[in-house]
Amino acid sequence: MAVLRVLVVEDEPAIAELITLHLRHAGFDVALAVSAEQAQAAVDAVLPALVLLDWMLPGATGVELTRRWRASPRLRELPILLLTARATEQDKIAGLDAGADDYLVKPFATGELLARIRAVLRRRAPMASDAPVECAGLRLDPAMRRVSAMARGLDCRLGPTEFKLLHYFMLHPEHVHSRSQLLDRVWGDHVFIEERTVDVHIKRLREALMPVQCAHLIDTVRGAGYRLTLAGPTRT
Ligand code: CA
C-alpha cells in the first residue's frame with residue numbers, strides 16, 4: 001500500500017511530537033503545522049490523506065478551519081479528525097456539524113487514535129484501501145499491485161503512477177476529473193507539479209492498456225479533463 005500523508009495540526013510541541021512518533025511508527029508520512037496559517041499553507045500545497053486537527057490553535061480554531069475547508073471544492077472531501085481537550089456534548093456536536101469526520105478527546109490512547117484514523121480513511125479515502133476493484137472488464141488488485149483484463153486473463157504492465165491513476169479512475173467511473181484534481185488525488189500535489197505531467201502519464205496509461213484492448217476506456221474530455229468511460233470516446 002502507498003505511504004499515506006497525514007497532516008498533524010497541533011501547537012503543543014509535546015503532543016505534536018508524540019503523535020508524530022506514533023504515526024510514523026504506524027507507517028504514515030507525517031507533516032506538521034503549528035498554526036491555522038501553516039495548516040492552510042500545507043493543504044494548499046499538498047493534499048494529505050487525512051488531517052488531525054487540534055481545536056485550539058493560534059490564528060483560528062480547528063472548527064473554523066474545518067468549516068472553511070468544507071466550503072472549498074478542493075477540500076470538501078478532505079478527511080478531518082478533530083483533536084481536543086474540550087469534551088462537552090455541545091463541543092462534539094459543533095465539531096461534527098462543522099464537517100469533521102470524527103472527534104477525539106485528549107488525552108487519548110494511541111491505539112484508539114490509530115483505529116479512528118483507519119476508520120475515517122476507510123470511509124473517505126477508497127484509494128487508501130487494498131480492496132480489489134473491478135470495472136470495465138478490468139480487475140485491479142492494490143495488494144498484489146496487479147491489473148488484469150478479466151475476459152482475456154491477461155495482465156497489464158503499469159508503472160507506479162499509471163497504476164494509481166487507473167485505480168483512481170476505476171473508483172470513479174464516468175466521472176470527469178480535471179488535471180488539477182488528478183494531481184491532488186493521485187499525486188497528492190497541487191502546486192509543485194505541472195499539469196502537463198498528467199498528460200504524459202495518461203498517454204503511458206493508454207499505451208499500457210493497448211495490449212488488452214482497453215486504451216479507449218481512458219477518455220479525453222476537451223476543456224475539462226479525463227475520465228474512465230464505458231460508453232466510448234467523447235466526440236468533440
Ligand atoms: Ca492547541
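Since we're looking at a predicted model, the values are computed, not measured. Counting starts at 1 for both ligands and their atoms, following the listed order.
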Exercise. Angle at the Ca ion (ligand 1) between OD1 of D11 and O of M56, to 10°?
Worked result: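 Roughly 90°, rounded to 10°.
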Look at [X] together with [Y] and state whether they make a salt bridge at an N to O cut-off of under 4.0 Å.
| X | Y | result |
| --- | --- | --- |
| R67 | D97 | no |
| E77 | R70 | no |
| R146 | D141 | no |

Exercise. With a cut-off of 3.0 Å, does E10 place any N/O/S atom under that distance from the Ca ion (ligand 1)?
Worked result: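 Within the cut-off used here (under 3.0 Å), E10 places no N, O or S atom near the Ca ion (ligand 1).
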Problem set entry | Donor-acceptor pair between R68 and Q40 side chains, under 3.5 angstrom |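 Yes - a donor-acceptor pair under 3.5 Å links their side chains.
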Exercise. Nearest to the Ca ion (ligand 1), which N, O or S atom of D54 do we find?
Worked result: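 Considering only N, O and S atoms, D54 comes nearest to the Ca ion (ligand 1) through OD2.
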